[in-house]
Amino acid sequence: MNSNPPSPLKKAFTKGLLKWNAGENSRLMPWKGEKDPYRIWISEIILQQTRVEQGLGYYKRFIKTFPDIRQLAAAPDEKVFKCWEGLGYYSRCRNLLATARFIARERDGRFPDSYETILSLKGIGPYTAAAISSFAFQLPHAVVDGNVYRVLSRYFGMDTPVDSTAGKKMFNRLAEELLDPKQPGLYNQAIMDFGAVVCRPAAPLCDSCVFRKKCIAFRDGLVSKLPVKAKKTRIRERWFSYTIPLYNNSLAVRRRTGKDIWQDLYEFPMIETKKKISPEKLVKAIAEKKWVDKKSVITCGKPLFFRQQLSHQLINGMFVELHLQQRPAGEPDWQWIKKKQLEKFSFPGLINQYLAQGIALPRDRR
DNA sequence: AATCCGGGGAC
DNA sequence: GTCCCAGGATT
């Protein structure tokens, strides 16, 4: 059964889901039942590709720090990124800030209340637009997230890859048909709760599931095979060699720009290479770039090594402290700061690993 | 249509 | 190690 399930099975799904929600669903989350579009928006952006347990603390901190859209819009970039530090997918934070400022300035702080307008905002795609418009404004749009792909592919026994164009179209159309247009928010919340609590990716609770007599995947023993994904993840390995320029109790940091990972986070001056290099080679490389004069290097600290595993990359980091006898004139994007100010900046986890070891520790502590 | 963008938890 | 998570933007 692929593409168009019989109508009675669809009816049974919606009815059974709402019944499960009313009777057995005891899942509680701070944004559940929330009607303030600002809070719903914040929660949905934080939860994009992020587990509820991981996002929960960030959500609470974010709402406490920025209680409404005006205060978010008025906040300096660094304060907002600091609130996002460690959560990943930093373009979410950048788009969040841009959208807050757009709404504050162009819409007098009023969050839009139509699906199309919400969808047009930066950082908001079909899922998030459906979530906000159904939860905050009771508009009939079905959410389609990882939970929905999993629940529908299993219940209806559909093996079309969910990460294919055909699969996305198929599941989106089906999701719209299944939605209860009279209570879209309740239905959307229910299907995601059901996917998270019962129809889980691993070890789903099939034996006690309300759909155990209807579910095609359960009937055919295909639960562990669904949903189907076509693409495999490939891991790329990279080597980042950082220098920590130290002069007169100050050190240099810079903001990451461009299209690479960790955009808008801060880092130390860094050279990327295709493979591991020595500290001597690193110093030589930055001298050739004229970031520092080789003669101004007093001491070159013992290198420290850390690694960070990302979803599609493995980052190897080498950290070398450079004690300088004069402050380099060159690089305009370097910011010279006191060590105490480090806590005001947001860094990738790799650099926070290094910072946790302390900067310029005495040699005998290494 | 493919690829990229993080970090953490479950297995 | 592998997979997945209340996805979206870019090319």
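Just so it is clear: chains get the letters A, B, ... in the order the sequence lines come, proteins before strands, and each one is counted from 1. These numbers were taken from a predicted model, which means no experiment stands behind them.
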For [X] and [N], give me the distance from atom [atom1] to atom [atom2], rounded to whole Å.
X         : N      : atom1 : atom2 : answer
Gln353(A) : dG6(B) : CD    : P     : 16 Å
Trp84(A)  : dG7(B) : CH2   : P     : 13 Å
Leu310(A) : dG1(C) : CG    : C1'   : 16 Å
Gln313(A) : dT3(B) : CD    : P     : 14 Å
Gln309(A) : dT2(C) : CD    : P     : 9 Å
Tyr58(A)  : dG6(B) : OH    : P     : 13 Å
Asp260(A) : dT3(B) : CG    : P     : 17 Å
Lys225(A) : dC3(C) : NZ    : P     : 12 Å

> Can you list the steps and then say if Phe111(A) with Trp41(A) is a ring-ring contact (aromatic ring centres under 6.0 Å, His included)?
Replying inline: CA-CA 9 Å; Phe111(A) 205 94; Trp41(A) 171 52; 5.6 Å; yes
> Within 45° of the ring axis of Phe81(A) and under 6.0 Å from its six-membered ring centre, is that where the NZ or CZ of Arg255(A) lies?
Replying inline: yes
>> Going by ring-ring contact (aromatic ring centres under 6.0 Å, His included), name the residues that satisfy it together with Phe194(A), two or more places apart in sequence or in a different chain.
In response: Trp20(A), Phe211(A)
> Nucleotide by nucleotide, 5' to 3', does protein get under 4.0 Å of the base (B), only the sugar-phosphate (S), or neither (-) in nucleotides 4-11 of chain C, counting heavy atoms?
Replying inline: BBBBSS-S
> Can you list the steps and then say if Arg101(A) with Asp77(A) is a salt bridge (charged side-chain N to carboxylate O under 4.0 Å, His left out)?
Replying inline: CA-CA 11 Å; Arg101(A) 289 172 179 166; Asp77(A) 290 18; 2.9 Å; yes
>> Using the P atom as the point on both nucleotides, what is the distance between dT11(C) and dG6(B), in whole Å?
In response: 15 Å
> For atom P, what is the distance between dC11(B) and dA6(C), given to the nearest Å?
Replying inline: 14 Å
> When rounded to the nearest 0.5 angstrom, what is the spacing between CG in Asn147(A) and OH in Tyr127(A)?
Replying inline: 8.5 Å
> Looking only at heavy atoms, what is the nearest atom pair of Arg61(A) and Thr65(A), with distance?
Replying inline: O-OG1, 2.6 Å
> So, Tyr59(A) versus Trp31(A), ring centres under 6.0 angstrom or not?
Replying inline: yes
> Distance check: side-chain N/O of Trp262(A) vs OP1/OP2 of dG7(B), anything under 4.0 Å?
Replying inline: yes
>> Heavy-atom nearest nucleotide on DNA chain B for Asp163(A) versus Gly86(A): which residue maps closer to 5'?
In response: Asp163(A)
